[in-house]
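One structure is given below, encoded as structure tokens.
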Amino acid sequence: MTLNRRSMLKAGVAAATLPLLGSKAFAQSEPLKVGFMLIGTVNDNGWNFGHAQGAKFMKEQLGDLVAEPTIVENVPEGPDCERVLRELAQSGHKLIFATSFGYGDYVIKVAEQFPDVTFEHATGYQRSANVATYNARFHEGRAVCGTIAGHMSQTGKAGYIGSFPIPEVVMGINAFVLAARKVNPDFTITPVYISTWNDPAKEADAARAMIDQGIDIIAQHTDGPAALQVAEERGIVGGFGQGADMSAFAPNAQLTSIIDHWGPHYVNSAQAVIDGTWETGDRWPGLKEGEVQIGPYGPKVPEDVVAAAEAVKNGQIDGSFNIFTGPINDHTGAEKVPAGVTLTDAELLSMDWYVEGVIPPA
Amino acid sequence: MSLELTIAIIVTVVGASTPILIAALGELVVEKSGVLNLGVEGMMLVGAITGFVVAFTTGNHYLAILLAAAAGVATSMIFGFLTLSLSANQTATGLALTIFGTGFSALAGQGYSARPVTLLGPLFPAELATHPIWRVLFGYSALVYFSLAMVFAVWWFLKKSRAGLILRAVGENDLSAHSIGYSVIGVRYAAVAFGGAMAGIAGACFPLLLTPQWAERMTAGRGWIAVALVVFASWKPFRLLAGAYLFGLVMTMELYAKASGGPLSAIPAELWSAMPYLATVVVLVLISIRRDASTNAPACLGRPFLPSN
């Protein structure tokens, strides 16, 4: 429908003969303005880079249906983001993606004032008539990484650099440890939270602190490759790229990477807004839908470990394997999830406890 | 705690402290001349991207450090021209310089984020640093020894040299210094340029000493810690040295404590991050309680020089 009107417009027929309809058609077929609000910079090679790539993918796929996406970088998770959201809404953006957990309250607040604007909040949990949430099942990728870690670690100890102890991060830690302990039941992990998504020097020092205390595998849930570079420099067994392939920074130490591919989701949402079919809800695709991908395996990973990792990956794609199926004990050893029971999405999204094998940060 | 771990911690602390120390030494000299330049963070970022780009394109780390210093000087001259020649407000101009440096470095760094460099290696041959104890003394890159040498150099300059005496006179009483024939503006330009060079080198420490990559805003507030440190140290170079290592120790111990899972890991991360600033506030309180004693703050700090008045 929209396309037909567009082509009519191009031919000049509608505009010339039916001025009223013509102007209406023009208003409707004006390219959709899509805004993206990022916590860091698109050049971080990780989380924000992934969203920027997704925005680019959306523009490539939808062409003239969408305007060149507006990307606002380095927006802190505080009152400032409310201002940015309002500015985006006031400047004609009809679809706004807020891509960090801490934006949640502000998205809900601003969305009330702009009922004709569609908001989507990544990794969040609060929804309303015009606010949807979306995420990707990164923990599925963490399970693949954990499997490799369980096979390859010699000390049986891994370090995990986290930003903040939010469910998103806790879930990743738990999936990693559960997978590693299926291979090595004595495997343990020490999470270190550094209270920032982007402070490369602090990430590197956190990696040094953990390596100096005997870990030989490192994983991180921050936005850049600093920890992997330290892994490369110190020559430990290795680590994992997060958000993007980081092999340029650690050609030997990167065992594999979890790659975010937000593009298809952004295409679907923009198309739904253009068609007027958008509805609120929660979308949480993973490996199966291709929104989470496993990057190439590093040169250190032996054939049999690749095979084990692929088995975990494929099991999650065909649905035969779920990392959060019981029996699962919490960090004190008490049973938390009985055998055969799988945690629901709601339980995952509010996860505030650690599984056995995690040495909890006090 | 084992010897190896102790030494590993010391090595990490030295790395974390060095950029703060270098930047703060520069700011100390600037403030001693009566100028408050809050643009340290911005100048560091310009130094960081310059150091990274030069190291990436030429592979020459020493050239990278030199050009990072030059870039820091160039950035500081914007501040110098506005505040010294045009008598603009120093606080506002310094803040603007930080915003400018952040934006400029991000712009100049476009396309460099997916590219690694190599760290500057140790200054002394590896044979000297084989034993862990020797590693504590001889295991660092030239930037670390430079920072320590500069503590002595700045102390000697301010305390023992004639030029340092003139600089302090300009900072304590600009009109008197002017009336006996010293160029207040000239001295302050030189001090601001020195501060810029040191901030540029401090910025270059990030890609060359700590984490061999370019990331936007990679100094992550260390420039502000350096500014706080100057006050913390009451404008005294050796106290500055102690303060820089204390701040570095706090920042590093947070991570080692958490990684060990021991009792110290119960302290929230936010409190650890706030500690350098809390320490500065405490020192400021202590200074103002002992109002009779000399606070050591330069009397003309932050005041524009207007000889016609």
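Here the structure is a predicted model, which is why all the values come from computation and not from measurement. Chain identifiers are assigned alphabetically (A, B, ...) following the order of the sequence lines, protein sequences preceding nucleic acid strands; residue numbering begins at 1 within each chain.
- Near-neighbour residues of residues 194-215 of chain A relative to chain B, defined by a heavy atom under 4.5 Å from a heavy atom of that chain, comprise A:I194, A:S195, A:N198, A:D199, A:P200, A:A201, A:K202, A:A204, A:D205, A:A206, A:R208, A:A209, A:M210, A:D212, A:Q213.
- Side chain of A:Q229 to backbone of B:P212: a donor-acceptor contact under 3.5 angstrom is found.
- Annotation for A:W353: atom CH2 counts as buried by contact number, over 12 foreign heavy atoms lying within 6.0 Å.
- Heavy atoms closer than 4.5 Å to chain A are found in both the backbone and the side chain of B:Q110.
- The number of heavy-atom neighbours closer than 6.0 Å to CZ of B:F104, taken from other residues, nucleotides and ligands shown, is 12 or below.
- Across B:A220, B:P116, B:P19, the residue that shares the most heavy-atom pairs under 4.5 angstrom with chain A is B:P116.
- Proximity to chain A is limited to the side chain of B:F206, based on heavy atoms less than 4.5 angstrom apart.
- For chain B, the option among A:T190, A:I161, A:N74 with the highest count of heavy-atom pairs below 4.5 Å is A:N74.
- Heavy-atom distances place the backbone of B:R115, and not its side chain, under 4.5 Å from chain A.
- Between chain A and the options B:K258, B:M218, B:M251, B:Q213, heavy-atom pairs under 4.5 Å are most frequent for B:Q213.
- Interface remark: of the candidates A:P225, A:G159, A:A244, A:P225 forms the most heavy-atom pairs closer than 4.5 Å to chain B.
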